[in-house]
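This report concerns only the one structure given below.
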Number of protein chains: 2
Amino acid sequence: MHIGQVADAAGVSAKRIRYYEQIGLIDAARRSDAGYRVYEERDLHTVHFIRRARQLGFSIPQIATLLALWRDRQRCSADVKKVALAHIEELRRKIAELQSMVDTLDDLATRCDGGSRPDCPILAELQGVGS
Amino acid sequence: MHIGQVADAAGVSAKRIRYYEQIGLIDAARRSDAGYRVYEERDLHTVHFIRRARQLGFSIPQIATLLALWRDRQRCSADVKKVALAHIEELRRKIAELQSMVDTLDDLATRCDGGSRPDCPILAELQGVGS
DNA sequence: CTACACCTTCCCATTATGGGAAGGTCAAGC
DNA sequence: GCTTGACCTTCCCATAATGGGAAGGTGTAG
């Protein structure tokens, strides 16, 4: 398989696959005489794995860890779970941060009449007047 | 005031202030004979405004808009509200995205026993087996 | 006069991509 | 055989909003 086929099959761009190779997330592919990257079924699985992990928000370093665990038949599920739980914590932290912004903004927007007058609690808050 | 004093007073780094100047978010400061940036009280207010807007998650382009509205005595509060509502929408979208990741991960993690055995629904999911 | 704190500009790094240029390859059709 | 079009290659640039650090000038206090 050439890179485009892997890309289509795994649902990622060819650029991404090259990038993953470049940073060492996946092994450098074998090359054809013309210099084209040549992939096996196995590589497709790997790229697909990476794609799904990205969809769950894992960072590239985390995915490197997960890939290593995936390949290690001797792994403990505890190690995998640890990575997942840490990620969940991080996601929850971010959600809380964003939610707190929404709460503040929602309150300000509610108190902003949205008419043609210039008075605005949103700008007042940003200005530091505290409305 | 020199840049360090503005930075301390506004709670941002001097680097950021220079960056904001560089990208045109704030006007280029007057310079002293030695080439030091010189600021007035007014500039401090602006930097403070930017900091608070950043804390609410507004992007630099959005802040440019908000700053322009802030300075415009003829503004309509509707224009400000529009920016805020669009931002709230965006935040909610991101929260939903992150929450959906958490939901999936949480389910997988719950089903992962976390012991020393290799079997792991998390890896199974990433592999595409769907456990 | 010497520290020391502060300022300046400039360049590099971050994260995970996408865009696009310049040029080589391959298969199909004429 | 030759052209065309789809594919591949590498290389460089751009993103957003900073932080780090180097090399060098400034200002003041002792």
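Reminder, nothing fancy here: chain letters follow the sequence lines and each chain counts from 1.
Among the protein residues, S32(A) comes within range of no part of the nucleic acid, since none of its heavy atoms lies under 4.0 Å from any strand. Among the heavy atoms of the strands lying under 4.0 Å from R18(B) is at least one base atom, whether or not backbone atoms are also near.
Under 4.0 Å is where a charged nitrogen must lie from a carboxylate oxygen, and between E97(B) and K94(B) no such pair does. The existence of a salt bridge linking D106(B) and R92(A) is confirmed by a sub-4.0 Å separation between a basic side-chain nitrogen and an acidic carboxylate oxygen. A salt bridge between R42(B) and D27(B) is absent, with no side-chain N of the basic residue lying under 4.0 Å from a carboxylate O of the acidic one.
Distance CD1 (I60(A)) to P (dT14(C)): 13 Å, rounded to an integer number of Å. One interatomic measurement links the two molecules: CZ of R37(A) to P of dG24(C), which rounds to 17 Å at whole-angstrom precision. The separation between I50(A) atom CD1 and dT17(C) atom P is 10 Å, rounded to whole Å. For R16(A) and dG18(C), the CZ to P distance is 5 Å, given to the nearest whole Å. Between the C1' atom of dA27(C) and the CD atom of Q5(A) lies a distance of 13 Å, rounded to the nearest Å. Look at CD1 on I23(A): it is 10 Å from P on dT15(C), rounded to the nearest Å. Counting to the nearest Å, the C1' atom of dA5(C) and the CG atom of D8(B) are 12 Å from each other. The CG atom of D33(B) sits 14 Å away from the C1' atom of dC7(C) (whole-angstrom rounding).
Protein chain B touches strand DNA chain D; the 5'-most and 3'-most nucleotides with an atom under 4.0 angstrom of its non-hydrogen atoms are dA17(D) to dG27(D).
Neither V38(A) nor V6(A) shares a network with the other; the hydrophobic side chains, linked directly or stepwise wherever heavy atoms of I, L, V, M, F, W or Y lie under 4.5 Å apart, form separate groups for each. Using a 4.5 Å cut-off between side-chain heavy atoms of Ile, Leu, Val, Met, Phe, Trp and Tyr, with links allowed through other members, Y36(B) and V12(B) fall into different hydrophobic clusters.
Where A34(B) and F58(B) each meet DNA chain D at their nearest nucleotide, the meeting point lying more 5' is that of F58(B). Nearest-nucleotide positions on DNA chain D place Y36(A) closer to the 5' end than the other of R31(A) and Y36(A).
The side chain of Y20(A) contributes an N or O atom lying less than 4.0 Å from OP1 or OP2 of dT17(C).
Put simply, the side chain of R71(B) reaches to within 4.5 Å of the side chain of T46(B), judged on heavy atoms.
Exactly one residue among I122(A), L123(A), D107(A) makes a side-chain contact (heavy atoms from CB on, under 4.5 Å) with C112(A). That residue is I122(A).
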